Visitor: 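Below is a structure I'd like to ask you about.
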Amino acid sequence: QVQLVESGGGLVQAGDSLRLSCAASGRTFSGYTMGWFRQAPGKEREFVASINWNGGTTRYADSVKGRFTISRNNAKNTLYLQMNSLKPEDTAGYYCAAPQAPRTLLHLTTYHYWGQGTQVTVSS
């Protein structure tokens with residue numbers, strides 16, 4: 001069974017940075033696209049960023065492009081999200097996710113496994 005555990009969230013001020021981590025276990029980490037999503041209170045879950053199996057291709061939501069960077073360390077089975085220039089509107093629970101199928105194209109990936117989330121709160 002695939003398990004995803006996020007960490008690194010917290011309370012920061014606008015303009016600060018945070019790095020989220022997602023530790024994966026239960027299957028070979030490399031070979032699978034991975035993604036980050038977020039959900040704010042009263043809002044639907046939204047896509048943040050994704051990365052292909054070898055880290056060579058990434059995709060971002062327009063709202064975070066230029067401020068967030070997704071990366072992965074396949075040797076450590078860990079996914080990262082570096083968040084810079086944080087804004088109050090970035091406040092949300094952040095979730096990492098993984099698909100069932102290997103080596104899916106970023107824009108065609110359907111996510112099946114989800115972590116429990118880590119809270120990011122940005123004060124103005």
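Remember, predicted model here, so these are calculated numbers, not experimental data.
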Visitor: Tell me, which pairs form a salt bridge (charged side-chain N to carboxylate O under 4.0 Å, His left out) where one or both residues lie in residues 1-21, sequence neighbours left out?
Guide: none

Visitor: Apart from Phe47 itself, which Ile, Leu, Val, Met, Phe, Trp or Tyr residues share its cluster (side-chain heavy atoms under 4.5 Å, direct or through members)?
Guide: Phe37, Tyr95, Tyr111, Trp114

Visitor: Taking the side chain from Arg72 and the backbone from Asn52, do they hold a donor-acceptor pair closer than 3.5 Å?
Guide: yes

Visitor: I'd like to check the side chain to side chain donor-acceptor pair (under 3.5 Å) partners of Lys65; sequence neighbours left out, ordered by chain and number.
Guide: Asp62

Visitor: Quick one: side chain to side chain donor-acceptor pair (under 3.5 Å) partners of Arg67, sequence neighbours excluded?
Guide: Asp90

Visitor: Using links of under 4.5 Å between side-chain heavy atoms of ILVMFWY residues, direct or through other members, which residues join Leu81 in one cluster?
Guide: Val2, Leu4, Val12, Leu18, Leu20, Phe29, Met34, Trp36, Val48, Ile51, Tyr60, Val64, Phe68, Ile70, Leu79, Met83, Leu86, Tyr94, Tyr113, Val120, Val122

Visitor: Suppose we screen for side chain to side chain contact (heavy atoms under 4.5 Å, CB included). Which residues come up paired with Thr28, at least two apart in sequence or across chains?
Guide: Ser30

Visitor: The criterion is side chain to side chain donor-acceptor pair (under 3.5 Å); which residues satisfy it with Glu46, sequence neighbours excluded?
Guide: Arg38

Visitor: Compare every heavy atom of Ala14 with every heavy atom of Ser124, then report the nearest pair and how far apart it is.
Guide: CA-CB, 4.4 Å

Visitor: Which residues end up grouped with Leu105 if you chain together Ile, Leu, Val, Met, Phe, Trp and Tyr wherever their side-chain heavy atoms are less than 4.5 Å apart?
Guide: Leu108

Visitor: Do the side chain of Thr104 and the main chain of Thr109 share a donor and acceptor less than 3.5 angstrom apart?
Guide: no

Visitor: Quick one: closest heavy-atom pair of Arg27 and Gln100, and the distance?
Guide: NH1-O, 3.5 Å

Visitor: My understanding is that only residues two or more places apart in sequence, or in another chain, count here; which of them pass side chain to side chain donor-acceptor pair (under 3.5 Å) with Gln82?
Guide: Asn84

Visitor: Once you round to the nearest 0.5 Å, how far does OG1 of Thr33 lie from NE2 of His107?
Guide: 11.0 Å

Visitor: For Asn73, which residues count as a side chain to side chain contact (heavy atoms under 4.5 Å, CB included) partner, sequence neighbours excluded?
Guide: Ala75, Lys76, Tyr80

Visitor: Going by the rule side chain to side chain contact (heavy atoms under 4.5 Å, CB included), which residues pair with Thr121 if we only count those two or more places apart in sequence or in a different chain?
Guide: Leu11, Thr91, Gln119

Visitor: Can you run down the disulfide bond (SG atoms under 2.5 Å apart) pairs that involve residues 1-106, sequence neighbours left out, and say none if there aren't any?
Guide: Cys22-Cys96

